[in-house]
Amino acid sequence: MKRVFRTLLICILSVVAFCIQAQEKEQLVLIDTNMGKIKVKLFNDTPLHRDNFIKNVQEKRYDGTLFHRVVKHFMIQGGDFSSVGATAETALGKDSLDYSVPAEIIYPKYFHKKGMLCAARPSDDENPEKVSSPAQFYISTGKFYTAMELDKMEAEKEIKFTPEQRDAYMREGGVPHLDGEYTIFGEVVSGIKIVDKIQYVEKTTADRPVKDIIVKSMTLVDK
């Protein structure tokens, strides 16, 4: 009888563990561009941004949009729905949706090391609550920092980087001055070389690539 009870208990615990693991599984999104494929995972502890991004992907809203703003050693930005088929003269960067996403800034757990998926937003003077765009996003690229540069930034901003931040900014690069200011809701898990290819393309004075960088499709994937 004890053996049966023990077996039953093990089975129940295994099911519970499986359910917890399933709940914690992070959704993957494949961004297929005309320069290559980028795969990102979406964080479960930023559920408002995760679910909003998934909704946009499922509704195919990103398909055909451009990476309309690219700044070397800083970030690549996309998600403007009006960029689909936009001419070279079209001004891009404004949202066409009439809502915003409340900030979900989880700092210092998530910080702007290279390859982080972040929500764009209006500037502080018109957006003190740091709410996010419902559509536009950017992937951080940044640059490598020395220990001396990070020390100087800490002194000037009266902040303290965690050991993980310092290591990432020195070994991987990133954009530390954006930390705590924008919601980070995902991370590149493959295709960072494509991100690099995009950040180095020729651009206009408005930081728009001369040759369109097109998101051919975005799809939810399992692996």
Side-chain angles (χ1 to χ4, degrees), residues 23-29 31 38-57 61-62 67-71 73-80 93-95 97-145 149-189 192 195 199 218:
Q23 289 177 347
E24 292 178 346
K25 184 178 180 181
E26 294 167 313
Q27 178 64 60
L28 299 175
V29 177
I31 306 172
I38 305 165
K39 188 183 295 182
V40 298
K41 67 178 179 182
L42 307 180
F43 299 142
N44 289 331
D45 44 5
T46 52
L48 299 178
H49 286 73
R50 176 200 63 199
D51 293 350
N52 182 72
F53 195 77
I54 288 173
K55 179 177 181 292
N56 287 335
V57 171
R61 288 178 175 265
Y62 290 123
F67 276 98
H68 64 272
R69 183 174 176 232
V70 172
V71 183
H73 298 155
F74 183 42
M75 58 89 217
I76 63 173
Q77 183 173 337
D80 181 349
K94 291 188 177 182
D95 286 317
L97 300 180
D98 60 356
Y99 69 94
S100 57
V101 183
E104 294 179 293
I105 298 173
I106 303 177
Y107 177 78
K109 180 179 180 181
Y110 300 138
F111 56 94
H112 281 79
K113 65 181 179 180
K114 184 176 183 178
M116 300 307 277
L117 176 66
C118 318
R121 66 171 177 84
S123 59
D124 285 351
D125 56 350
E126 58 180 298
N127 180 25
E129 296 180 347
K130 304 184 190 310
V131 299
S132 300
S133 162
Q136 293 189 56
F137 63 90
Y138 63 94
I139 298 174
S140 58
T141 56
K143 68 166 194 170
F144 296 100
Y145 286 81
E149 287 175 318
L150 295 175
D151 291 342
K152 182 180 179 182
M153 194 175 298
E154 284 182 328
E156 291 176 348
K157 294 181 175 292
E158 297 183 348
I159 58 174
K160 186 68 177 177
F161 292 121
T162 65
E164 183 183 4
Q165 283 175 285
R166 294 184 69 90
D167 183 69
Y169 287 137
M170 293 172 67
R171 295 177 180 272
E172 302 173 50
V175 196
H177 71 273
L178 296 184
D179 285 345
E181 298 294 327
Y182 294 78
T183 295
I184 299 171
F185 65 98
E187 181 177 9
V188 173
V189 294
I192 196 66
V195 175
Q199 76 161 322
M218 277 200 205

Task: Least distance between heavy atoms, Gly78 atom then His68 atom - done: CA-ND1, 3.9 Å
Task: Asp95 to Ala135 - nearest heavy-atom pair and separation - done: OD1-CB, 4.1 Å
Task: Taking every non-hydrogen atom, the tightest pair across Lys130 and Ala103 - done: O-CB, 3.4 Å
Open item on the list: For the CG atom of Asn127 and the OG atom of Ser132, what is their distance to the nearest 0.5 Å?
Closed with: 8.0 Å
Task: Euclidean distance, Arg50 CZ relative to Asp45 CG, rounded to 0.5 Å - done: 9.0 Å
Task: Rounded distance (nearest 0.5 Å) linking atom CD of Gln27 with atom CG of Asn44 - done: 9.0 Å
- [ ] State, yes or no, whether a side-chain contact exists between Met153 and Asp179 at a heavy-atom distance under 4.5 Å.
- [x] no
Open item on the list: Go through it in stages, so that I can follow the logic: the residues are Phe137 and Phe185, the test is ring-ring contact (aromatic ring centres under 6.0 Å, His included), and I'd like the CA-CA distance, side-chain angles, deciding distance and then a yes or no.
Closed with: CA-CA 10 Å; Phe137 63 90; Phe185 65 98; 7.7 Å; no
Open item on the list: In the structure I gave you, are the side-chain heavy atoms of Asp51 and Leu42 within less than 4.5 Å of one another anywhere?
Closed with: no
Task: Leu178 and Met75: CA distance, side-chain angles, deciding distance, side chain to side chain contact (heavy atoms under 4.5 Å, CB included) verdict - done: CA-CA 11 Å; Leu178 296 184; Met75 58 89 217; 5.8 Å; no
TODO: Report the distance from atom CD1 of Ile106 to atom CD1 of Ile184, rounding to the nearest 0.5 Å.
DONE: 9.5 Å
Task: N/O donor-acceptor pair under 3.5 Å between Thr183 side chain and Ala119 backbone - done: no
- [ ] Indicate yes or no: at least one non-hydrogen side-chain atom of Val131 is less than 4.5 angstrom from one of Arg121.
- [x] no
Task: Check: Leu117 and Glu187 side chains under 4.5 Å, non-hydrogen atoms - done: no
Open item on the list: Nearest 0.5 angstrom please: Ile192 CD1 to Lys114 NZ, how far?
Closed with: 5.5 Å
Open item on the list: Rounded to the nearest 0.5 Å, what separates atom NZ in Lys41 from atom NZ in Lys25?
Closed with: 13.0 Å
- [ ] Using salt bridge (Lys or Arg N to Asp or Glu O under 4.0 Å) as the criterion, point out the one residue from Glu149, Glu172, Glu154 that pairs with Arg166.
- [x] Glu154
Task: Minimum side-chain heavy-atom gap Phe161-Tyr145 below 4.5 Å - done: no
TODO: Given ring-ring contact (aromatic ring centres under 6.0 Å, His included), test Tyr62 with Phe53 step by step and report yes or no.
DONE: CA-CA 10 Å; Tyr62 290 123; Phe53 195 77; 5.2 Å; yes
Open item on the list: Go through it in stages, so that I can follow the logic: the residues are Asp80 and Arg69, the test is side chain to side chain contact (heavy atoms under 4.5 Å, CB included), and I'd like the CA-CA distance, side-chain angles, deciding distance and then a yes or no.
Closed with: CA-CA 10 Å; Asp80 181 349; Arg69 183 174 176 232; over 6 Å; no
- [ ] May I ask you to decide if the ring planes of Phe74 and His177 are parallel, tilted or perpendicular, using 30° and 60° as cut-offs?
- [x] parallel
Task: Met218 versus Val57, closest heavy-atom pair with distance - done: O-CG1, 3.5 Å
Open item on the list: Has Glu104 got a side-chain atom pairing as donor or acceptor with His49's backbone, closer than 3.5 angstrom?
Closed with: yes
Open item on the list: For a quick test of reading the model, state the closest non-hydrogen atom pair linking Gly142 to Val175 and the distance between them.
Closed with: CA-CG2, 3.7 Å
Open item on the list: With heavy-atom distances below 4.5 Å as the criterion, would you say the side chains of Gln199 and Val195 are in contact?
Closed with: no
Open item on the list: Could you check whether atom CD of Glu129 has more than 12 heavy atoms from other residues, nucleotides or ligands sitting under 6.0 Å from it?
Closed with: no
TODO: Kindly give the heavy-atom pair with the smallest separation between Ala120 and Gln77, and that separation in Å.
DONE: CB-NE2, 3.8 Å
- [ ] May I ask you to decide if the ring planes of Tyr138 and Tyr182 are parallel, tilted or perpendicular, using 30° and 60° as cut-offs?
- [x] perpendicular
Task: Side chain Asn52, main chain Ser133, donor-acceptor under 3.5 Å - done: no
TODO: Taking the side chain as every heavy atom from C-beta outward, state whether Cys118 and His112 have any pair of such atoms under 4.5 Å apart.
DONE: yes
- [ ] With the side chain counted from C-beta on, respond yes when Glu26 and Phe43 share a heavy-atom pair under 4.5 Å apart, and no when they do not.
- [x] yes
